Asker: 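Structure provided below as structure tokens; questions to follow.
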Amino acid sequence: MTTILDGKKVSQIYRESFKEEIENYLSRGFRRPSLAVVLVGNDPASQVYVINKRKACQKVGINSLYYHLGENISEQELLGLIKELNQNPEVDGILVQLPLPKQINTRKVIETIRPDKDVDGFHPENMGKLVANVEGGFIPCTPLGIKLLFDHYGINIQGKDVTVVGAGYIVGKPLSVLLLNMNATVTVCHIYTKDLKKHTLNADILISATGVPHLIKEDMVKEGAIVVDVGISKLDGKIVGDVDFEKVKEKASYITPVPGGVGPMTVTALLLNTIKAYKMHLNI
Ligand code: NAD
């Protein structure tokens, strides 16, 4: 029997507890947590992500401030806004939706966000804390969301052979480090990996984050493996993941669907990071 790792349902459970936690702080006289969301330009996918994140904030009681800037804004203007938000004591978290238009240096933007407000966890200081495995930093939302999903289903990582396919800065790389911190034996594959199948077949837990539709076929998956699909692509007008879900699910013990798996968990982790920033700022 295959269990579907239902990110939508699990998110609701986590978010209900976040809502209660925030209500408790409000009843004790504290202000609301707040997240500043910055969108540059009109990329339709980014617009959908931003709407979802803001709705999720609203539902749990996080104040969301929204800054929608034009496609042609200069880097200077964007950095100016971030510096303002850095200084605003009412702002706990700052999220700049990626990707950014070409004229803007994304790295510079990430490094301008104050690390204690960097709820996406992309600032090198937070990445460094993840590598050092020390408390007090922010773990990027998708890796953290996957951990929350495993926690909910009681999936134990320690000692497992985990293969992560994709080594991007926002998912694969920090996820690999997080899993290593949880005592997994981690193999990281990428576009230059010689024999992908050899590594995926060895995995007790297989996580794919490439954005290549249906890269992971059933013959690449070990019987009984846990399969997590981070990828989001469009194929024939439909949203699909990296995993050939219908066939692979016959072999997997647990599997995430796309949509409804990792996506909602990523937003849930963003809420968790924002509440963490809020508590750090108010010392509660
Ligand atoms: P990225 O471009 O930064 O990284 C992609 C990685 O995949 C690279 O390491 C690359 O080497 C590897 N790769 C590409 N083709 C490959 C192949 N044929 N075989 C093996 N490795 C290959 O991308 P990213 O930002 O990490 O995003 C990856 C995917 O995850 C995208 O589809 C993105 O939309 C999705 N994503 C989903 C969520 C979510 O919440 N579900 C969050 C973030 C990103």
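The residues of the chain are indexed from 1 along the displayed sequence. Computation of the quantities below employed the complete heavy-atom set of this structure, encompassing side-chain atoms and omitting hydrogens, waters and symmetry-equivalent molecules. Just so you know, these numbers come straight off a predicted model, no measurement behind them. Each ligand, and each atom within it, is numbered from 1 in the order the structure gives.
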Asker: Can you find a side-chain donor-acceptor pair between Thr163 and Thr200 that sits under 3.5 Å?
Answerer: no

Asker: Below 4.0 angstrom from a heavy atom of Leu215, which ligand 1 atoms are there? Numbered from 1 as shown, please.
Answerer: 18 (N), 19 (N)

Asker: Show me which atoms of ligand 1 lie under 4.0 Å from any heavy atom of Ala209.
Answerer: 5 (C), 6 (C), 7 (O), 28 (C)

Asker: In the protein, which heavy atom is nearest to atom 35 (C) of ligand 1, and how far is it?
Answerer: Val230 O, 3.5 Å

Asker: Looking at atom 27 (O) of ligand 1, would you say a protein heavy atom lies below 4.0 Å from it?
Answerer: no

Asker: Does atom CD of Glu23 have more than 12 heavy-atom neighbours, drawn from other residues, nucleotides or ligands, at distances under 6.0 Å?
Answerer: yes

Asker: Distance from Glu90 atom CD to Asn88 atom CG, nearest 0.5 Å?
Answerer: 6.0 Å

Asker: Which residue holds the protein heavy atom closest to atom 9 (O) of ligand 1, what is that atom called, and what is the gap in Å?
Answerer: Ala167 N, 2.8 Å

Asker: Nearest protein heavy atom to atom 1 (P) of ligand 1, by residue and atom, and its distance?
Answerer: Gly168 CA, 4.2 Å

Asker: Any protein heavy atom at under 4.0 Å, with atom 23 (O) of ligand 1 as the reference point?
Answerer: no

Asker: So is Gly172 close enough to ligand 1, meaning a heavy atom under 4.0 angstrom away?
Answerer: no

Asker: Does ligand 1 have an atom that lies less than 4.0 angstrom from a heavy atom of Cys189?
Answerer: no

Asker: Could you check if a side-chain atom of Tyr14 sits within less than 4.5 angstrom of a side-chain atom of Leu272, using non-hydrogen atoms only?
Answerer: no

Asker: Give the numbers and elements of all ligand 1 atoms closer than 4.0 Å to a heavy atom of Ile170.
Answerer: 25 (O)

Asker: Who's the nearest protein heavy-atom neighbour of atom 42 (C) of ligand 1, and how far?
Answerer: Thr142 OG1, 3.2 Å

Asker: Under 4.0 Å and counting heavy atoms only, is there anything from the protein next to atom 4 (O) of ligand 1?
Answerer: yes

Asker: Short list, please: which atoms of ligand 1 are under 4.0 Å from a heavy atom of Gly263?
Answerer: 40 (O), 41 (N)

Asker: Taking the basic N atoms (NZ, or NE/NH1/NH2) and the acidic carboxylate oxygens, is any pair closer than 4.0 Å for Lys249 and Glu246?
Answerer: yes

Asker: In the structure I gave you, are the side-chain heavy atoms of Tyr169 and Arg107 within less than 4.5 Å of one another anywhere?
Answerer: yes

Asker: Indicate yes or no: at least one non-hydrogen side-chain atom of Leu26 is less than 4.5 angstrom from one of Arg32.
Answerer: yes

Asker: Starting from atom 43 (C) of ligand 1, which protein heavy atom do you reach first, and at what distance in Å?
Answerer: Val171 CG2, 3.7 Å

Asker: So for atom NZ, which belongs to Lys222, do other residues, nucleotides or ligands contribute more than 12 heavy atoms lying within a distance under 6.0 Å?
Answerer: yes

Asker: Check each atom of ligand 1 against the heavy atoms of Gly166 and keep those under 4.0 Å away; list them by number with element.
Answerer: 6 (C), 7 (O), 9 (O), 12 (C)

Asker: Taking the ring of Tyr278 and the ring of Tyr25, is the distance between their centroids below 6.0 Å?
Answerer: yes

Asker: Do Leu271 and Cys57 have side-chain heavy atoms sitting under 4.5 Å apart?
Answerer: yes

Asker: Can you tell me which portion of Thr210 lies within the under-4.0 Å heavy-atom range of ligand 1? Options are side chain, backbone, both, or neither.
Answerer: both

Asker: More than 12 foreign heavy atoms under 6.0 Å from NZ of Lys160: is that the case here?
Answerer: yes

Asker: In the protein, what heavy atom is nearest to atom 16 (C) of ligand 1, and what distance, to one decimal place, separates them?
Answerer: Ile191 CD1, 3.6 Å

Asker: Just heavy atoms, cut-off under 4.0 Å: does Asp242 contact ligand 1 by side chain, backbone, both, or neither?
Answerer: neither

Asker: Should we count NZ of Lys217 as having more than 12 external heavy atoms under 6.0 Å?
Answerer: yes

Asker: What is the nearest protein non-hydrogen atom to atom 40 (O) of ligand 1, stated with its residue, atom name and distance?
Answerer: Thr266 OG1, 2.8 Å

Asker: Yes or no on side-chain contact (heavy atoms from CB on, under 4.5 Å) for Ile73 and Ile104, after CA distance, side-chain angles and deciding distance?
Answerer: CA-CA 9 Å; Ile73 191 171; Ile104 294 171; 4.0 Å; yes

Asker: N/O to N/O below 3.5 Å, does that happen between Ser233 and ligand 1?
Answerer: no

Asker: Around atom 34 (O) of ligand 1, find the nearest protein heavy atom and jot down its residue, atom name and distance.
Answerer: Ile232 O, 3.6 Å

